[in-house]
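Numbering of residues begins at 1 and proceeds along the displayed sequence. Small disclaimer: the values here were computed from a predicted structure and weren't measured.
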Amino acid sequence: MKVKKILAIVLAVAMLMTFAACSNAKQNEENVAPQTTTGNPEPDTQSTPDSQPENTPEADTTDAEPVELIVFAAASMTETLTKLGDDYMAENKNVNIVFNFDSSGTLKTQIQEGADCDIFISAGQKQMNQLDITNESVNTDRLDFVLADTRFDILENKVALAVPEGNPANINSYDELAAGLKDGSIMLAMGNSDVPVGQYTQNILAFYELNEEELATAGCITYGSNVKEVTTQVSEATVDCGIIYQTDAFSAGLTVVDTATAEMCGQVIYPAAVMNVSKNVDAAKALLEYLTGDAADAVFEGVGFTPVA
């Protein structure tokens, strides 16, 4: 019996010693100082944003701010600018271009009356001059809409004599047009007097010493409120011929039998400018710069424009 008690005491003492040894080992391990290195310390992967190195760029997770550009342009630019606008928006996803195509006179009036407009491209200098405070001789109303240092001449066009398919009246030149108007055998479509193409046509009539009012009274002239309306009359053969732009004839698939010289009607120059009422001046300037690039020039030249910018 005594032997059993002695064995039990020995076993208990051995267990206590083992437990004490394990506890001391664990305590010693926790008290060991961390090792140091002679090189740069490893970065703390758990550090807060404030502890990031100053030169570490932040990832750009936001898209460019959306921009809407409103472009007022002469009706004769409808096809070319629509294509170029689509190309530009495909390259600049944040930009949305809204076009307003009409006669330059109508567009000028809309801008004058407060319409939102970032860019104006006119088919004649007169309409741009009427909005430009620096042009005192033409801008008698002292309108101030052209943003300083943004105006420039972008394109040149030609004033063309176009005929319907098959040329039923057999008109082959401006000289023949003038002769037919004098004897009353030809009906001509032209633009209204407030439309640049109509103003160029008036110059041509004056060059041939023809009286527009008398011809209109005699039923030899019909009118269109913009160049597209004149083009439609020729396409539908409701007239014998029409005076339109070379580019519109190309777009409509019409035959051009003659083009007017500068002596007959002056040069057809298209000015462009950012309007000072624009809310997106930088974006408007960027679009105009694109329209003077090689890609845009190719599109303009493809329909008969001559880039001058």
Side-chain angles (χ1 to χ4, degrees), residues 70-77 81 100-160 190-213 216 223-227 230 243-248 259-278 281 284-285 288-289 291-292 300 305-309:
I70 303 174
V71 180
F72 282 29
S76 52
M77 303 185 74
L81 279 189
N100 179 19
F101 297 107
D102 211 321
S103 73
S104 299
T106 297
L107 298 176
K108 172 261 176 185
T109 299
Q110 291 174 352
I111 294 171
Q112 178 181 347
E113 293 178 348
D116 289 336
C117 176
D118 295 293
I119 294 172
F120 180 36
I121 307 178
S122 172
Q125 299 286 3
K126 178 181 178 181
Q127 289 72 26
M128 188 70 77
N129 287 340
Q130 290 173 329
L131 297 175
D132 191 343
I133 193 66
T134 66
N135 197 300
E136 298 180 359
S137 60
V138 176
N139 188 358
T140 56
D141 293 329
R142 310 304 297 148
L143 302 176
D144 185 10
F145 286 91
V146 175
L147 184 64
D149 300 323
T150 66
R151 177 177 176 174
F152 65 97
D153 295 334
I154 187 169
L155 298 168
E156 181 177 3
N157 210 339
K158 296 293 184 183
V159 179
M190 65 176 281
N192 291 337
S193 60
D194 64 338
V195 180
V197 74
Q199 294 160 5
Y200 293 125
T201 303
Q202 289 178 324
N203 291 340
I204 293 171
L205 295 178
F207 177 81
Y208 284 104
E209 299 181 347
L210 295 169
N211 187 300
E212 178 189 350
E213 185 177 352
Y223 292 92
S225 63
N226 58 50
V227 70
V230 179
I243 296 179
I244 58 178
Y245 296 120
Q246 177 174 262
T247 53
D248 290 283
T259 56
T261 64
E263 181 185 8
M264 293 167 64
C265 67
Q267 281 186 289
V268 185
I269 302 296
Y270 287 52
V274 177
M275 298 292 97
N276 59 20
V277 294
S278 172
V281 171
K285 289 180 178 179
L288 282 181
E289 183 177 356
L291 294 179
T292 63
F300 287 133
F305 280 115
T306 301
V308 298

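- Residues I243 and V159 share a closest heavy-atom pair of CG2-CG1, 3.3 Å.
- Summarising the geometry, atom CZ belonging to F207 is positioned 4.5 Å from atom CD belonging to E263; distances are rounded to the nearest 0.5 Å.
- For the pair Q246/V268, no side-chain contact is recorded, criterion being any heavy-atom separation below 4.5 Å from C-beta on.
- Listed by chain and number, the residues in a side-chain hydrogen bond (donor to acceptor under 3.5 Å, both in side chains) with D132 are T134, R151 (sequence neighbours excluded).
- Atom CG of D116 sits about 10.5 Å away from atom CD1 of I111, to the nearest 0.5 Å.
- Closest approach of T247 and S76 over heavy atoms only: OG1-O, 3.9 Å.
- Without hydrogens or angle criteria, Y245 side chain to V197 main chain gives a donor-acceptor distance under 3.5 Å.
- The OG1 atom of T261 sits 8.5 Å away from atom CD1 of I204, with the distance rounded to the nearest 0.5 Å.
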> Between L291 and I121, does a side chain to side chain contact (heavy atoms under 4.5 Å, CB included) hold up when you go through it step by step?
Replying inline: CA-CA 11 Å; L291 294 179; I121 307 178; 4.2 Å; yes
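- Between M275 and F72, the closest side-chain pair of non-hydrogen atoms is not below 4.5 Å.
- Atom OG1 of T292 is separated from atom CG of D153 by 13.0 Å, given to the nearest 0.5 angstrom.
- Pairing each heavy atom of A273 with each of V146, the nearest pair is CB-CG1, 3.8 Å.
- When all heavy atoms of L107 and A73 are compared, the pair lying nearest together is CD1-O, 3.2 Å.
- Using a 4.5 Å heavy-atom threshold, the side chains of M190 and Y223 count as touching.
- Q125 contributes atom CD, which lies 10.5 Å from atom OG of S104 (distance to the nearest 0.5 angstrom).
- Between the side chain of T259 and the backbone N or O of K158, no donor-acceptor pair lies under 3.5 Å.
- Between the side chains of Q130 and K126, no donor-acceptor pair of N or O atoms lies under 3.5 Å.
- In this structure, CD1 in I133 is found 10.0 Å from CG in N276, a value given to the nearest 0.5 Å.
- Counting only distance, with no hydrogens or angles, the side chain of N203 and the backbone of C265 share a donor-acceptor pair below 3.5 Å.
- L147 has its side chain within reach of V281: a pair of non-hydrogen atoms, C-beta onward, lies under 4.5 Å apart.
- For E289, the CD atom sits in a loose shell: 12 or fewer heavy atoms of surrounding residues, nucleotides or ligands are nearer than 6.0 Å.
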> Passes side chain to side chain contact (heavy atoms under 4.5 Å, CB included), K108 versus S122? Steps please.
Replying inline: CA-CA 8 Å; K108 172 261 176 185; S122 172; over 6 Å; no
>> Under the criterion side chain to side chain contact (heavy atoms under 4.5 Å, CB included), I'd like the reasoning laid out for L288 against I119: C-alpha separation, chi angles, the key distance, then a yes or no.
In response: CA-CA 8 Å; L288 282 181; I119 294 172; 3.8 Å; yes
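- The nearest pair of heavy atoms linking F300 to P307 is CB-CG, 4.5 Å.
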>> Could you go through S278 and D118, starting from their C-alpha distance and side-chain angles, then the distance that decides it, and tell me whether this counts as side chain to side chain donor-acceptor pair (under 3.5 Å)?
In response: CA-CA 4 Å; S278 172; D118 295 293; 2.6 Å; yes
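- Nearest heavy atom pair, residue I269 against residue Y200, reads N-OH, 4.0 Å.
- You'll find the ring centres of F120 and F145 outside the 6.0 Å limit.
- Between the side chains of Q110 and N100, at least one donor N or O lies within less than 3.5 Å of an accepting N or O.
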